[in-house]
Amino acid sequence: MDDKSSHYSITSHILPSLGAHSNRKIKLRGYIISPSNPRYRAWDAFLVLLVFYTAWATPFQFGFLDRPHGPIDTIDNIVNGFFAIDIILTFFVAYLDRSTYSMIDDPKLIALRYIKSGFMLDLISIIPSELVRSALPHSLQSYGYFSMLRLWRLRRASVMFARLEKNRNFSYFGVRVVKLICVTLFAVHCAGCFYYLLAARKKDQNKTWLSLTMGNFRERSTWELYVMCIYWSITTLTTTGYGDLHAVATEEMIFTMIYMLFDLGLTAYLIGNMTNLVVHGTSNTRRFRDTIQAASSFAQRNKLPVQLEEQMLAHLCLRYRTDSEGLQQQTLETLPKAIRSGISNHLFYSLVDKVYLFHGVSDDLLFQLVAEMKAEYFPPREDVILQNEAPTDLYILVTGAVELISHRNGMDQVVGELKNCGVCGEVGVLCYRPQLFTVRTKRTSQLLRLDRTSFFNIVKANIGDGTIIMNNLLQHLKERWDPLMTAVLADIEHMLAQGRMDMPLSLCFAANRGDDLLLRQLLKRGMDPNESDSSGRTVLHIAASKGSVECILLLLDFGADPNRKDSEGNVPLWDAMVGKHEAAVKLLVDNGATISSGDVGQFACFAVDQGSLDLLKEIIKYGGDVTLLNNSLGTTAMHTAISEENVEIVKFLVEQGTDLDKPDVHGWTPRALAEYQGHEEIKELFNLMQPTNKETSVNPPEMPSAPYLKKYQSDPMIHLLTPEETTSPLARESGSSNGRLMRKRTSPFQNSLIGFMSARQRHHEGESGQDYSSTKIANSRIPCRITIGCLEKAHTGKRVVLLPDSIQELLDIGAQKFGLSLTKVLTEDGALIEDIAVIRDGDHLVLASDATSEN
């Protein structure tokens, strides 16, 4: 890992100021080391190990050694060498400017900062002791005085422990205990070494604590003396002395008093830290016990039923266990909303998508709903919802099982059970009525809670999804053959008709259900009568496709446009015609609806495709021209009828004045198309019949003036959707498949050879810049079909193939079809064909080899 990626780690030092940009991705200059570089961190950790050695060796040398000698001196010089290398590296390590929170990588600024801070002490601490002794006066040549400056390195250990305390890979308790042990051992070690120094350097050796303990202490080994000093230091620190070792000289007494005063503070520091660590580990348990005790006291003081008290205590126990083993809800709430939404969607999106209430809604709505849900745990036999309580929340079951209980005549009766992905409380929330059932867990269960306010705030911004949710609820209630559900369904229908629903509903929802009373309530609120769904179908389109005369009257009365087109060019009148709703058709025509406002060519092609001559006649009856082009496909009804070989419709269209020599957008005229497809009966019809002039065609009847609109009496009950009508989200909002009148239909010959040839013809026209007339296009060369046979294999039959571009290609095709090597092309009379140009469409040819033709 190089320095470029070093800023991606999060440290306690690199923190941008408020409003500033993060500097974690800034590239540093060449040869500049980032303080977060993993290799530099490893080097720094290695130096900390050397600091521990310095912390032991420096006081020991100061107290017990007069001059450098032995392995300690060698190790000292090696350690000093490593710290000398670190001094050089420090001149190339970037640092964070605390005023601007920017990473400084200027070598001059780095060097200036280091020289001002700790450079001099670092430099002095690496000077060899031998060199110091030779340079200083005799009175200052003691080994330990100069070496004590090396304790400056202890700052590295302090920084290391502070970093480990924040590192989530290490136990905070363990790091703190190790730090306290290190501090205690260092204090004991330093005090013992200093105490020995006071006795060893005193001129009158008979007046020291060492002479009082042992006669000639200089004859003892260094190890024995060191152990004795540490023993004195520990007994003094723990205040258990002084039965055997005590101060004798005045200097020793002064040092002992200072050390004991220091011990007071150190002991308080150690006890305080250890107490905090222990209390922190048991604080959750203590709070839990206090909470349980308070709950029990509350229940006894207020004489609560035993069952209710047990439910309360069971919930508190489960809450303690889930909060202790997982991430607490309070901690989740402190995270940014994007992170909380990501967590919720990762955990619960797929589950909520399976809930019947949200079938068919948009992904956006589902994402927003899941982000607002809260996961909660409930112990067995606990009430989640009480019957007749206010509808504030709905719940979705994640794991476990819950029962639906109805309280009737003083008895609790189980009326249902929810499994995974089940939802409860939805009727109360959507219809704002008291909860229908008591919801009680059978075993430990996890549920997602969604409060009513958040739910409606989201749904109000997605009205189309709101109608889908309402349809899902009504269909679900209809499918439950329970008397109680039947009564609830009737109440909801009445509330819908009166417009007393908080759920935001669209006009399309009302029109799709044929509910004119709800439609009137929504229109009175000022909703747009020309409201459309996602496919551009207006409310009038849906009402016309349903044949709902009452809804059509209401919409027209409130100013709906009877000639508004949807995204496919359909108009309400055409929807009513296809649905064969004669009353709706008459009502629309009487109020100014015209078939010519839509894509009449498309309507005619649809009628031909359905083989409905009556529908074609009805288009003409209401003023439509069936000879027009289909705007979406670029063909006419005549082209479609020829492709479908519907002679009856072709004859009818000729009678209506269809121009047989007018090409479509692909360049094909009806005559050329019939000629190419080989429809003999249609070709004969074209030859016998003369096109009728449009002046002699059937004239549409004159439209009467629109009468005054008035409201008809309608049934107040709401028509419930059938399962077929609620199969898809589109059907729920826009109507069933009967309402979708004409879909875009691929041209019957657009992907055939005709389509390719016409596209090729247009390509050549674009390249040459020539302007071909419809006559030239009709008379241009088109692929010929020929029949080929083989002399050697006359028994195998003949083949119909397309005429290739050369004689050799034709022979190759024959060789492939008959499995022989063929060399000649003959007519049926035996004449030799030498040029491909003499072959015509429909010719019968014979292929032969040289040997066969000679015979």
Side-chain angles (χ1 to χ4, degrees), residues 1-55 58 75-132 134-136 145-167:
M1 186 179 294
D2 55 12
D3 291 344
K4 295 180 181 179
S5 61
S6 61
H7 293 295
Y8 287 93
S9 63
I10 300 176
T11 68
S12 60
H13 301 289
I14 303 177
L15 178 67
S17 58
L18 293 178
H21 297 285
S22 175
N23 297 288
R24 290 189 288 174
K25 294 185 179 181
I26 296 177
K27 291 184 179 180
L28 301 178
R29 301 186 186 186
Y31 305 105
I32 298 299
I33 304 173
S34 169
S36 301
N37 187 290
R39 295 178 181 177
Y40 182 75
R41 286 288 184 87
W43 168 259
D44 194 52
F46 172 69
L47 291 181
V48 171
L49 296 179
L50 301 183
V51 169
F52 285 126
Y53 166 78
T54 303
T58 298
I75 296 174
D76 276 351
N77 291 331
I78 295 175
V79 171
N80 291 339
F82 282 113
F83 280 101
I85 297 173
D86 183 69
I87 292 175
I88 299 174
L89 288 177
T90 306
F91 282 98
F92 299 94
V93 178
Y95 70 93
L96 185 70
D97 187 352
R98 295 308 180 97
S99 60
T100 61
Y101 278 94
S102 59
M103 191 63 66
I104 305 301
D105 59 353
D106 187 350
K108 294 181 180 180
L109 296 178
I110 294 174
L112 182 62
R113 176 178 179 269
Y114 183 40
I115 291 173
K116 289 181 178 181
S117 55
F119 171 71
M120 293 305 298
L121 290 175
D122 286 343
L123 182 61
I124 294 174
S125 65
I126 65 172
I127 299 176
S129 300
E130 297 84 348
L131 182 61
V132 175
S134 62
L136 293 177
Y145 288 115
F146 181 78
S147 63
M148 288 297 291
L149 295 175
R150 295 173 185 170
L151 292 179
W152 161 254
R153 300 170 184 171
L154 288 176
R155 75 190 192 283
R156 291 179 178 271
S158 177
V159 173
M160 182 203 68
F161 279 114
R163 186 184 302 124
L164 291 179
E165 289 173 358
K166 298 179 178 67
N167 195 324

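- The shortest non-hydrogen separation linking Ala94 to Pro35 is O-CD, 3.6 Å.
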Contacts under 3.5 angstrom, residues 45-53 side chains, donor-acceptor by atom type, not counting sequence neighbours:
| from | atom 1 | to | atom 2 | distance (Å) |
| --- | --- | --- | --- | --- |
| Tyr53 | OH | Asp76 | OD1 | 3.1 |

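- The distance from atom CD1 of Ile85 to atom CD1 of Ile126, rounded to the nearest 0.5 Å, is 10.0 Å.
- Between Asp44 and Arg39, no side-chain nitrogen of the basic residue sits less than 4.0 Å from a carboxylate oxygen of the acidic one, so the salt-bridge criterion is not met.
- In this structure a side-chain-to-backbone donor-acceptor pair under 3.5 Å is missing from Thr58 to Ala55.
- A donor-acceptor contact shorter than 3.5 Å is absent between the side chain of Arg153 and the backbone of Phe83.
- Annotation: the span from Ile124 atom CD1 to Arg150 atom CZ amounts to 12.0 Å, rounded to 0.5 Å.
- Taking CG of Leu96 as the reference point, atom OG of Ser36 lies at 9.5 Å (rounded to 0.5 Å).
- Between Leu89 and Ile33, the closest side-chain pair of non-hydrogen atoms falls below 4.5 Å.
- For an aromatic pair to be called close, the ring centres must be under 6.0 Å apart, and Phe92 with Tyr31 fails this.
- Note that OG1 of Thr54 and CG of Leu151 are 8.0 Å apart. Values are rounded to the nearest 0.5 Å.
- One finds the CG atom of Asn80 at 10.0 Å from the CD1 atom of Ile78 (value rounded to the nearest 0.5 Å).
- In this model, no donor atom of one side chain and acceptor atom of the other lie less than 3.5 Å apart for Asp105 and Tyr95.
- In this structure the side chain of Ile110 reaches within 4.5 angstrom of the side chain of Ile32, judged on heavy atoms.
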Inset, instruction - Could you please spell out the steps behind the side-chain contact (heavy atoms from CB on, under 4.5 Å) verdict for Leu112 and Lys108? - result: CA-CA 6 Å; Leu112 182 62; Lys108 294 181 180 180; over 6 Å; no
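- Rounding to the nearest 0.5 angstrom, the gap separating the OG1 atom in Thr90 from the CZ atom in Arg113 is 10.0 Å.
- Nearest heavy atom pair, residue Ala111 against residue Phe91, reads CB-CD2, 3.6 Å.
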